[in-house]
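See structure below.
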Amino acid sequence: MTAERGTAVYGEVVERDVVIVGGGPAGLSAAARLASAGLAVTILDEQPELGGQYYRRPAPAVARHWGDHRPEGGRLIAQVRAAGVECRTGHLVWGVDDDGRTLLASDAAEHPVRLRARRLVLATGAFERVFPFPGWQLPGVTTPGFAQHLAASDHTTVGDRVVLAGSGPFLLPVACSLIELGVNVAGIAEAGRPYRPSLRALGTLGHPARLRELASYAARLARARVPIWQETVVLRADGRDRVSSVTLAAAARPTRPVRTVGVDALCVGYGFRPQTDLARMLGCEVRIDAASGDAVPVTDAAGRASRADVYVVGEAAGIGGVHAARARGLAAAYDILARETRVTVPVSEARRVVSARRRLARFTALTDSLYPDPAALLATLAPALPADTMVCRCEAVRAEEIRTTATGSADGDLNATKAWTRAGMGPCQGRECGFAVAGLVRSVASDQGAGESRVEVFPSRLPVRPVPLTTLLELAGPESQEGDA
């Protein structure tokens with residue numbers, strides 16, 4: 001640790017041309033291109049290894065026996081290191097200093113680090129969109145992303161007989177990963193009806209590579225005789241020490257059961273939500289996406305935010321998949337290089353990236369149109385949620401308390417409901433329950449005549465992740481530690 005006592009700044013201070021937060025596909029792509037052009041680049045990721053969720057490195061024992069499930073990720077990471085990027089893994093970026101430009105982080109040993117740069121690239125990724133239901137806190141109930149992580153990275157299964165539920169194309173590759181490990185995938189409950197023939201689905205013919213990928217998943221599921229129940233959602237999960245069955249309902253009438261399936265694991269998720277806490281904390285403008293209800297940073301084609309020195313790329317800029325994430329990372333890199341007087345950017349190379357980004361954006365829009373809008377699903381599911389369902393597991397807040405508060409003392413305001421009930425104030429900072437709490441507040445405000453919610457998403461708060469008290473004391477300097485002692 002270093003200290004600058006003259007300016008009362010404690011902890012390590014790092015200054016670079018570019019600091020990139022997030023070591024997934026977007027952050028790695030940007031880092032490799034920027035560093036290869038001669039810029040001083042630091043990339044930070046809270047995990048012990050680079051790769052993010054998509055390129056997560058397998059455990060050494062798994063890699064020795066089963067190989068690397070995504071070798072292109074390993075090649076990209078090697079390219080980043082060879083380009084001279086300073087890679088700081090195990091670094092949690094948890095806030096922004098009072099100057100509005102210095103990132104606050106803690107390293108793997110929980111010592112504080114301050115980072116400044118002429119350009120910031122936020123590639124903070126996304127988290128899974130979940131919606132509660134009776135029994136969702138039972139052991140064996142998890143998200144598809146967690147199941148995929150165990151299967152692909154650790155070669156471990158979440159159970160022997162599994163149902164996948166929710167909505168979105170991500171359910172298909174997760175099911176295939178489980179099948180490869182010998183899991184009995186009892187079925188996939190999809191809230192929409194994207195797999196029925198339609199004129200809209202014909203648009204996929206214009207994207208042959210993505211269509212082949214979808215066809216391969218469909219073929220594997222067909223060989224394993226995995227049924228896909230469309231327009232179906234989870235009504236409840238039952239079990240004693242572990243989930244033993246899941247009852248499914250019609251999506252249009254989520255209180256009407258249609259079948260019960262015996263399982264020992266249930267994976268439920270409704271796609272992903274951009275992780276924008278840091279962007280909002282830096283003062284970047286966001287908009288509320290009507291289709292998803294998510295806060296999405298306002299950026300130009302290159303990912304440049306309303307703050308001229310900040311770029312938001314990858315899934316943090318909007319959910320689009322790994323190919324779109326990499327294209328966004330490269331687009332930001334080229335825009336930064338174009339603004340650097342000492343760097344010459346090949347025009348043809350930059351144009352290829354722009355073209356790819358536009359093509360992938362069209363495919364993302366097409367995919368989104370095939371699946372139900374999360375906001376529309378929320379409007380159907382929230383009113384049907386039983387009163388005693390635990391919505392915020394961190395603070396043990398049930399649906400009835402949220403509804404009562406929203407129509408009473410909170411007067412239909414999401415943030416006031418959070419303050420009164422503490423829903424969303426636990427360690428996860430609303431990442432698990434925020435989507436559901438917003439839906440409950442909106443539904444009771446509409447149904448019972450309360451005032452309209454003036455806040456669509458929970459505000460970004462410092463710290464964005466739990467930080468050890470020792471880190472904060474060290475950041476404040478020796479005087480605070482002496483006083484505390």
Side-chain angles (χ1 to χ4, degrees), residues 94-96 124 126-134 136-137 143 269-290 292-297 316 374-467 472:
W94 53 267
V96 180
T124 47
F127 54 93
E128 288 185 269
R129 186 192 311 278
V130 298
F131 189 82
F133 49 86
W136 77 312
Q137 65 267 43
T143 63
Y270 293 86
F272 297 87
R273 309 185 74 188
Q275 194 153 241
T276 59
D277 291 339
L278 196 56
R280 288 186 282 156
M281 198 168 288
L282 284 163
C284 298
E285 182 184 353
V286 298
R287 63 177 178 83
I288 303 300
D289 181 70
S292 66
D294 298 331
V296 180
L377 271 176
L378 186 62
T380 301
L381 296 176
L385 192 66
D388 62 347
T389 305
M390 189 74 70
V391 176
C392 175
R393 294 184 290 191
C394 294
E395 297 292 328
V397 184
R398 298 182 184 275
E400 183 178 22
E401 184 179 352
I402 294 170
R403 289 184 176 121
T404 301
T405 303
T407 55
S409 52
D411 191 28
D413 185 80
L414 176 61
N415 207 31
T417 302
K418 173 185 176 181
W420 280 97
T421 64
R422 293 193 58 81
M425 297 180 72
C428 85
Q429 291 287 287
R431 291 176 184 84
E432 291 286 322
C433 68
F435 181 64
V437 174
L440 288 169
V441 171
R442 196 172 299 118
S443 68
V444 298
S446 174
D447 293 344
Q448 300 184 23
E452 292 185 2
S453 177
R454 293 174 289 279
V455 181
E456 298 290 340
V457 294
F458 288 153
S460 180
R461 300 293 191 193
L462 187 75
V464 298
R465 290 282 196 284
V467 182
L472 300 178

Give the minimum heavy-atom separation between [X] and [Y], together with the two atoms involved.
X: Arg403; Y: Val444; value: CG-CG1, 3.6 Å
X: Ala375; Y: Ala290; value: CB-O, 3.4 Å
X: Gly412; Y: Val441; value: O-CG1, 3.5 Å
X: Cys394; Y: Gly426; value: CB-CA, 3.7 Å
X: Phe435; Y: Pro374; value: CZ-O, 3.6 Å

*Return the set of residues passing ring-ring contact (aromatic ring centres under 6.0 Å, His included) with Phe272 (not counting sequence neighbours), or none when no residue passes.*
Phe170

*Do the side chain of Arg393 and the main chain of Trp136 share a donor and acceptor less than 3.5 angstrom apart?*
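A pair under 3.5 Å: yes.
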
*Distance-only, no hydrogens or angles: does the Arg129 side chain make a donor-acceptor pair with backbone N or O of Tyr270 under 3.5 Å?*
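Answer holds: yes.
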
*Sequence neighbours left out, what passes salt bridge (Lys or Arg N to Asp or Glu O under 4.0 Å) with Glu395? Give chain and number order.*
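In terms of salt bridge (Lys or Arg N to Asp or Glu O under 4.0 Å), with neighbours along the sequence ignored, Glu395 is linked to Arg422.
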
_Residues forming a side-chain contact (heavy atoms from CB on, under 4.5 Å) with Val286, sequence neighbours excluded_ = Arg280, Ala295

What donor-acceptor contacts under 3.5 angstrom involve side-chain atoms of residues 457-466, with partners at least two apart or in another chain?
unit_1 : atom_1 : unit_2 : atom_2 : d
Ser460 : OG     : Asp277 : O      : 2.8
Arg465 : NH2    : Gln275 : OE1    : 2.9

To the nearest 0.5 Å, what is the distance between [atom1] on [X] and [atom2] on [Y]?
X: Glu128; Y: Arg431; atom1: CD; atom2: CZ; result: 14.0 Å
X: Glu401; Y: Thr421; atom1: CD; atom2: OG1; result: 5.5 Å
X: Thr404; Y: Arg398; atom1: OG1; atom2: CZ; result: 13.5 Å

*List for me each residue that meets side chain to side chain donor-acceptor pair (under 3.5 Å) alongside Gln429, sequence neighbours excluded, and say none if there are none.*
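Once residues adjacent in sequence are excluded, Gln429 has no partner under the side chain to side chain donor-acceptor pair (under 3.5 Å) criterion.
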
*Using a 4.5 Å cut-off on heavy atoms from C-beta on, say whether the side chain of Thr417 contacts that of Ile402.*
yes

*asked:* Between Cys428 and Phe127, is there a side-chain heavy-atom distance shorter than 4.5 Å?
replied: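 No, side chains not in contact.
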
Under 3.5 Å, which donor-acceptor pairs do the side chains of residues 377-392 form with other protein atoms, sequence neighbours left out?
unit_1 : atom_1 : unit_2 : atom_2 : d
Thr380 : OG1    : Ala376 : O      : 3.4
Thr389 : OG1    : Pro386 : O      : 3.0

